[in-house]
There are 2 protein chains.
Amino acid sequence: MESTEDYVELIDDLIRTQGEARLVDLAERLGVSQPTAGKTVARLQRDGFVTSEPYRSIFLTERGKSLADAARERHDLVYRFLLAIGVSQDTAERDSEGVEHHVSEETLQAFQRIINSSDKA
Amino acid sequence: MESTEDYVELIDDLIRTQGEARLVDLAERLGVSQPTAGKTVARLQRDGFVTSEPYRSIFLTERGKSLADAARERHDLVYRFLLAIGVSQDTAERDSEGVEHHVSEETLQAFQRIINSSDKA
DNA sequence: GCCTGAATTTAGCCATGGCTCATCTTATAC
DNA sequence: GTATAAGATGAGCCATGGCTAAATTCAGGC
Ligand SMILES: [Mn+2]
Ligand SMILES: [Mn+2]
Ligand SMILES: [Mn+2]
Ligand SMILES: [Mn+2]
């Protein structure tokens, strides 16, 4: 699921930057209502990506953490790639949010090569 | 909707290559059951992208045709771009099918520049 | 002209991902 | 200690996009 990746990535991000991941912040950052975020988190828990108890903040399981790490890595690479080929920061942010979910390892490697050669230049 | 684009693009394709777009071919090419394809075509009709009468083949409206054209153009450009940066044909086919729906005009232009310069080289 | 098999439609189910409105907890300010 | 406001849940709705099983229509072969 695409949204699974976006959620765990954001949960990880919130834990890093805010110390904890609250539903209200997930909802705000994702532009979604709190009940929607809640339902999705329930699914994430059912599928073993997070743990959460009523009225408490959300934690990633091992499984959630590795998915989050992989997702962030991919997201960052796509973002840096877009910048490297001359796309504006705003557009790179928007497009990478979608494209990240559809690029294979092989394509990511090609992106990496482009980044490398534009670094050198 | 992503699937709207995929459907009209494929309908256009079938009309070009097969002379007409039948539900059974849509379903087969999209890897989906016939009832699923049928329901989606009903939505396309409701939204003014196609016309269809019971048990007959499917036609694009003006609106459907221009969406199909735009979608194919974008799809092709993404595909050619992936080839240009060294991705294999198979992967380029798979990845372009997803990526096409998430690239802005600005990113497409950057892709085009890369294609151009690799053509020259 | 009818039989039969392929194509289509109908009915009914499910999961995901959205929403609003209402209710319930919890933490904090006083 | 309690009132209150913020945060979280619950209930109930909807659209999209998937499926299977069953019924219907249509076209080609005989
Ligand atoms: Mn992401
Ligand atoms: Mn994303
Ligand atoms: Mn396409
Ligand atoms: Mn596609």
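Being a predicted model, the structure only gives us computed values, none of them experimental. Protein chains get the first letters and strands the later ones, always in sequence-line order, with residue 1 at the start of each.
Taking atom CG of A:Asp6 as the reference point, atom P of C:dT16 lies 16 Å away to the nearest angstrom. One atom, CE of B:Met1, and another, P of C:dG17, lie 15 Å apart when rounded to the nearest Å. Summarising the geometry, the separation between CD on B:Glu28 and P on D:dG18 is reported as 16 Å, rounded to the nearest angstrom. In this entry the distance linking CG of B:Leu23 with C1' of D:dG17 reads 15 Å, nearest Å. In this structure, NZ of B:Lys39 is placed 12 Å from P of D:dA15, rounded to the nearest angstrom. Counting to the nearest Å, the P atom of D:dT9 and the CZ atom of A:Arg56 are 11 Å from each other. Atom CD of B:Glu2 is separated from atom P of C:dG17 by 13 Å (rounded to the nearest Å). A straight line from CG of B:Leu26 to P of D:dG18 spans 13 Å, rounded to a whole angstrom.
Comparing atom distances between the A:Arg22 side chain and each of D:dC19, C:dA7, D:dG7 picks out D:dG7 as nearest. The side chain of A:Gln34 lies closest to D:dT9 when the candidates are C:dT9, D:dC19, D:dT9. The listed nucleotides are C:dG18, D:dC19, D:dT9; the one nearest the side chain of B:Val32 is D:dC19. For A:Val24, the side-chain atoms get nearest to D:dA8 when compared with the rest of C:dC19, C:dC13, D:dA8.
Of all the residues in residues 40-55 of chain B, B:Arg43, B:Arg46, B:Tyr55 reach under 4.0 Å from DNA chain D with at least one non-hydrogen atom.
Looking at A:Gln45 and A:Ile58, their side chains never come closer than 4.5 Å, going by heavy atoms from C-beta outward. Between B:Asp47 and B:Thr4, every side-chain heavy-atom pair lies at or beyond the 4.5 Å cut-off.
Between B:Phe111 and B:Phe81, the angle of the ring planes stays under 30°, which puts this pair in the parallel group of the 30/60° scheme.
Annotation: A:Glu20, atom CD; neighbour count of heavy atoms from other residues, nucleotides and ligands within 6.0 Å is above 12. Around CZ of B:Arg113, the count of heavy atoms belonging to other residues, nucleotides or ligands within 6.0 Å exceeds 12.
Phosphate proximity of D:dC19 to B:Ser33: present, with a side-chain N or O under 4.0 Å from OP1 or OP2. Residue B:Thr36 places no side-chain N or O under 4.0 Å from the OP1 or OP2 atom of D:dG17.
Counted by atom type alone, A:His102 and A:Glu2 present one or more donor-acceptor pairs between their side chains at under 3.5 Å.
Under the rule for a ring-ring contact (aromatic ring centres under 6.0 Å, His included), B:Tyr7 has no partner lying at least two apart in sequence or in another chain.
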